[in-house]
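Because the structure is a prediction, the values reported are computed rather than measured.
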Amino acid sequence: MTLATATRSGRVSARMVLLKGIDARGFSFFTNYLSRKGLELAQNARAALVLYWPALDRQIRITGRVVKLSATESDAYFNSRAAGSRFSAAVSPQSKVIASRAVLESKLAKLKAEYRDDAPPRPKHWGGYLVRPDEIEFWQQGEYRLHDRLRYRRTGNGAWKMDRLAP
């Protein structure tokens with residue numbers, strides 16, 4: 001999915017991330033809290049998501065508040081990942097300038113030597129986020145761009161109100 005975040009001053013950035021879960025609370029993904037997206041979410045805890053299926057001519061847009069998932073949920077997901085992915089998350093200073101790939105490979109070799117028979121534990125700077133939606137829009141491509149758009153907005157009492165939007 002595409003995740004869009006913004007700084008406190010409104011500077012926007014977007015990138016692709018793995019949508020890891022959907023439940024009654026919202027939409028979850030995992031990342032380095034010190035990455036650009038993590039730092040932006042610390043300043044401005046709102047995000048937009050876009051899921052797009054070109055073969056189906058459909059997309060879903062979501063906006064909402066973002067909260068960190070619990071350490072227990074972050075540990076559970078981190079420990080379910082392949083060992084190589086756990087090592088990579090532990091050594092990468094995501095979004096930071098590095099001198100070379102060799103720097104990462106050296107850090108990786110040292111960490112693998114330290115954890116010869118196991119993968120490292122979840123770094124404290126890595127974990128999950130939950131986007132709690134306040135608006136969800138379902139879009140379906142229509143002939144001659146006469147698209148169908150249904151928007152659901154959360155009301156003050158927590159219920160959802162649906163509106164049909166013009167294309």
For this session: Treating Ile, Leu, Val, Met, Phe, Trp and Tyr as nodes and any side-chain heavy-atom pair under 4.5 angstrom as an edge, say whether Leu56 and Leu19 lie in one connected cluster.
Result: yes

Problem set entry | Beyond-backbone contact of Ser13 with Arg15, side-chain heavy atoms, under 4.5 angstrom | yes

For this session: Kindly write out the residues that satisfy side chain to side chain contact (heavy atoms under 4.5 Å, CB included) with Ser85, not counting sequence neighbours, or none if the list is empty.
Result: Arg81, Ala82

Problem set entry | Test salt bridge (charged side-chain N to carboxylate O under 4.0 Å, His left out) applied to Arg36 - qualifying residues, sequence neighbours left out | Glu40

For this session: Please name all residues satisfying side chain to side chain contact (heavy atoms under 4.5 Å, CB included) with Val67, sequence neighbours left out, ordered by chain then number.
Result: Leu130, Arg132

Exercise. Under the salt bridge (Lys or Arg N to Asp or Glu O under 4.0 Å) criterion, do Asp148 and Arg58 qualify, and how do the steps go?
Worked result: CA-CA 10 Å; Asp148 276 327; Arg58 286 175 169 72; over 6 Å; no

Exercise. For Ala14, what residues pass the side chain to side chain contact (heavy atoms under 4.5 Å, CB included) criterion, not counting sequence neighbours?
Worked result: Thr2, Ala4

Exercise. For residues 32-75, which residue pairs qualify under ring pair (Phe, Tyr, Trp, His ring centres under 6.0 Å), counting only residues two or more places apart or in two chains?
Worked result: Tyr33-Tyr129

Exercise. Among all residues two or more places apart in sequence or in another chain, which pass the side chain to side chain donor-acceptor pair (under 3.5 Å) test with Asn79?
Worked result: none

Seminar exercise, completed: Applying side chain to side chain donor-acceptor pair (under 3.5 Å) to Arg149 and not counting sequence neighbours gives Glu137

Seminar exercise, completed: Smallest heavy-atom separation, Pro120 atom then Ala90 atom, equals CG-CB, 4.1 Å

For this session: Please write out which residues are connected to Leu104 in a hydrophobic cluster, directly or through intermediates, given that two of Ile, Leu, Val, Met, Phe, Trp, Tyr count as joined at side-chain heavy-atom separations below 4.5 angstrom.
Result: Ile98

Exercise. What ring pair (Phe, Tyr, Trp, His ring centres under 6.0 Å) pairs are there with at least one residue in residues 148-167, not counting sequence neighbours?
Worked result: Phe138-Tyr152

Exercise. What pairs with Ser100 under side chain to side chain donor-acceptor pair (under 3.5 Å), at least two apart in sequence or on another chain?
Worked result: none

Exercise. Considering residues at least two apart in sequence or located in another chain, which fulfil the salt bridge (charged side-chain N to carboxylate O under 4.0 Å, His left out) criterion with Arg151?
Worked result: Asp163

For this session: With sequence neighbours excluded, give me every salt bridge (charged side-chain N to carboxylate O under 4.0 Å, His left out) pair touching residues 112-124.
Result: Asp75-Arg122

